[in-house]
Peer 1: 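I am attaching a structure below and will ask some questions about it afterwards.
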Amino acid sequence: MVVTGGTCVTPSGTVEVDLGVRDGRVVALGSLAGDAHASRFDARGLLILPGIIDSQVHLREPGLEHKETISSGTAAALLGGVTTVLDMPNTIPPTTTPEALADKVARVSGRSWTDIAFFVGATPGNASTLGALERLPGCAGVKLFMGSSTGSLLVHEEAALAEAMSHGTRRMAVHAEDEARLRARRHLAETSAGDVRAHPVWRDEQTARLATDRCLRLARRFGRRVHILHVTTAEELDALAEHRDLATIEVTPQHLTLAAPDCYERLGTLAQMNPPIRDARHREALWSAIRSGLVDVVGSDHAPHSLEEKRRPYPQSPSGMPGVQTLLPLMLTHVHEGRLSLSRLVDLTAAGPARVYGMARKGRIAAGMDADLTLVDPKRRVRLTNAMMRTACGWSPFDGFETVGFPVAAFLRGRLAMCDGELVGEPSGHLVMFEENLPATSLVM
Ligand code: DOR
């Protein structure tokens, strides 16, 4: 198959080049229009990005299928131009044992619209198993919640944190909020008379900073690589800049796009997430860290809850918002508005997650890589609406938001999987392979 006439964002630059694809891989970049034997896809006028990877997605299956399923969440992903997702472990049961991981892996075939892998959760009791767990097929690595968020996963005592950090070697994904401070200040939420503007006051900057500092201290002690998810404060970024050898950094499109207090006044509890959306000073610090190269990954933290649940009075309302379908349109709009370049966008949403988590054959358009391609019409203007959202929760905090630049087609390992806002064929997602869990057969050459 040949994709002709598009403008490809490749490691060698953004170039008008045809792409040759065979057996699901990119085999050639060049002038291939003369190849009479190949089937063709005409990409004139379109940008061709490596398939977008969203490395922070809560698919809610098993146990919370009314919020999302593997099928609904990956359908939403693909319609948003995302071809690979990494799923978070705070399901019911949580993904903390080989059996729970195997159960998720068994749900992929014929149901996932994107390639996929699963994080396992650290608990105070499973540290000694993490080294083996993180190497199982389909495992993206270990996720550790230092502060309570949605679900029961939590590791906050010093000895338990040290145990978890000292078992296993893969980069560990960390939710950094300080549990002791959250508990000591919970009354600020309880006495807010239902006012969600108390959320970033309760879970304040210091809550994030304390946990990130502690995580960095332990990571240094054990030589453990860590990936700090959804970083939200200027002060954490300053600290993280001193630890580039061990720590990588993720931010979300919502922290880059929304700001307090406006988001809470406009959206109420729909804007409630952990760690919270903060004021414009922090948002600008995140942009500055995007520009300086400090940030490694933009991931959506797609965390769907039903509208009924979100309408409960704060703080009974759950934290989290959907985002896997809107990640790319939002970030393309930021490109259009001049906040980052297209190549930096690709670095943050494809090459970055592939590098941080050691994915095999993902993240770049290059010979021998999976032919995961996201085709974008850079001029297309789309007003996002709740009705467009394929997530089972049926809403977006960006309902009504005008975007410029939109994914119009996607190939998954060389097969057209989305075109003009429609899913094509059947769900054909596979497990992602990582450097750390390649099957033995692929190591024998
Ligand atoms: O707001 C959040 N929601 N933050 C998290 O860490 C978890 C997520 C969820 O699962 O709902």
Side-chain angles (χ1 to χ4, degrees), residues 54-70 72-73 76 85-96 104 118-123 142-156 172-179 182 189 196 198-200 202-204 207-208 211-212 215 227-233 236 250-255 258 260 263-264 267-278 297 299-312 314-324 326-327 391-393 395-397:
D54 189 344
S55 53
Q56 194 183 172
V57 172
H58 298 264
L59 291 176
R60 309 298 195 199
E61 183 178 338
L64 298 161
E65 287 88 345
H66 68 287
K67 298 177 196 265
E68 199 73 286
T69 63
I70 289 175
S72 63
V85 301
L86 301 184
D87 171 63
M88 287 295 164
N90 54 338
T91 43
I92 301 176
T95 323
T96 56
K104 282 195 172 178
F118 303 97
F119 283 98
V120 292
T123 73
V142 175
K143 160 85 179 275
L144 187 147
F145 285 87
M146 295 178 75
S148 303
S149 190
T150 303
S152 57
L153 288 173
L154 177 66
V155 181
H156 70 107
M172 182 186 278
V174 178
H175 178 118
E177 289 188 286
D178 184 73
E179 181 66 11
L182 285 177
V196 70
H199 197 59
W202 167 34
R203 307 180 84 110
D204 68 349
T207 304
T212 292
C215 179
H227 180 65
I228 310 293
L229 300 164
H230 37 45
V231 173
T232 57
T233 68
E236 286 171 283
E250 180 161 328
V251 302
T252 75
Q254 53 271 38
H255 289 107
L258 305 174
C263 65
Y264 299 108
L267 297 167
T269 54
L270 299 187
Q272 176 193 337
M273 69 168 293
N274 304 330
I277 310 287
R278 307 197 190 278
V297 173
S300 75
D301 192 11
H302 177 79
H305 298 283
S306 71
L307 275 175
E308 194 188 341
E309 291 161 335
K310 286 296 255 183
R311 284 192 189 117
R312 289 180 198 144
Y314 180 79
Q316 280 81 51
S317 44
S319 292
M321 58 180 82
V324 73
T326 52
L327 174 142
T391 163
C393 78
W395 63 277
S396 163

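Ligands are counted one by one from 1 in listed order, and the atoms in each one are counted from 1 as well. The chain is numbered in sequence order, starting from 1.
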Peer 1: Go through ligand 1 atom by atom and flag the ones less than 4.0 Å from a non-hydrogen atom of M273.
Peer 2: 1 (O)
Peer 1: Counting from 1, what ligand 1 atoms have a heavy atom of N90 closer than 4.0 Å?
Peer 2: 9 (C), 10 (O)
Peer 1: State plainly whether the residues E61 and K104 are in salt-bridge range, i.e. N to O under 4.0 Å.
Peer 2: no
Peer 1: Which atom names give the shortest non-hydrogen contact between C263 and A271, and what distance separates them?
Peer 2: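 For C263 and A271, the tightest heavy-atom pair comes out as O-CB, 3.8 Å.
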Peer 1: Is there side-chain contact between F118 and M88, with at least one heavy-atom pair below 4.5 Å?
Peer 2: no
Peer 1: Which residue owns the protein heavy atom closest to atom 9 (C) of ligand 1, what's the atom, and how far is it?
Peer 2: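 So the nearest neighbour among protein heavy atoms is T150 OG1, 3.1 Å.
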Peer 1: Indicate, as side chain, backbone, both or neither, the part of H175 found under 4.0 angstrom from ligand 1 when only non-hydrogen atoms are considered.
Peer 2: side chain
Peer 1: Between H66, K67, Q272, H58, which is the residue that forms a side-chain hydrogen bond (donor to acceptor under 3.5 Å, both in side chains) with H305?
Peer 2: K67
Peer 1: What protein heavy atom is closest to atom 3 (N) of ligand 1, reported as residue, atom name and distance in Å?
Peer 2: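 Going atom by atom, the protein heavy atom closest to atom 3 (N) of ligand 1 ends up being S319 O, 3.0 Å.
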Peer 1: Using a strict 4.0 Å cut-off to heavy atoms of S149, name the atoms of ligand 1 that fall inside it.
Peer 2: 2 (C), 4 (N), 5 (C), 6 (O), 7 (C)
Peer 1: Give the numbers and elements of all ligand 1 atoms closer than 4.0 Å to a heavy atom of F145.
Peer 2: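 Listed by number with element, the hits are 6 (O).
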Peer 1: Exactly one of M172, H156, H175 should register a side-chain contact (heavy atoms from CB on, under 4.5 Å) with L144. Which one does?
Peer 2: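 The passing option is M172.
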Peer 1: For the atom pair CZ (F145) and CG (L154), what is the distance rounded to the nearest 0.5 Å?
Peer 2: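 Rounded to the nearest 0.5 Å, the CZ-CG separation comes to 9.5 Å.
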Peer 1: Could you tell me whether E65 and R60 have a side-chain N and a carboxylate O separated by less than 4.0 Å?
Peer 2: no
Peer 1: Atoms of ligand 1 less than 4.0 Å from A303 heavy atoms?
Peer 2: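 Matching atoms, with element in brackets: 3 (N), 8 (C), 9 (C), 11 (O).
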Peer 1: Can you find a non-hydrogen atom of H305 under 4.0 Å from ligand 1?
Peer 2: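 Right, H305 reaches ligand 1.
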Peer 1: Please say whether N274 places an N or O atom under 3.5 Å from an N or O atom belonging to ligand 1.
Peer 2: yes
Peer 1: Would you check if the distance from the ring center of H199 to the ring center of Y314 is below 6.0 Å?
Peer 2: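 Centroid separation for H199 and Y314: below 6.0 Å.
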Peer 1: Measure the distances from the heavy atoms of R60 to every atom of ligand 1 and state whether one is below 4.0 angstrom.
Peer 2: yes
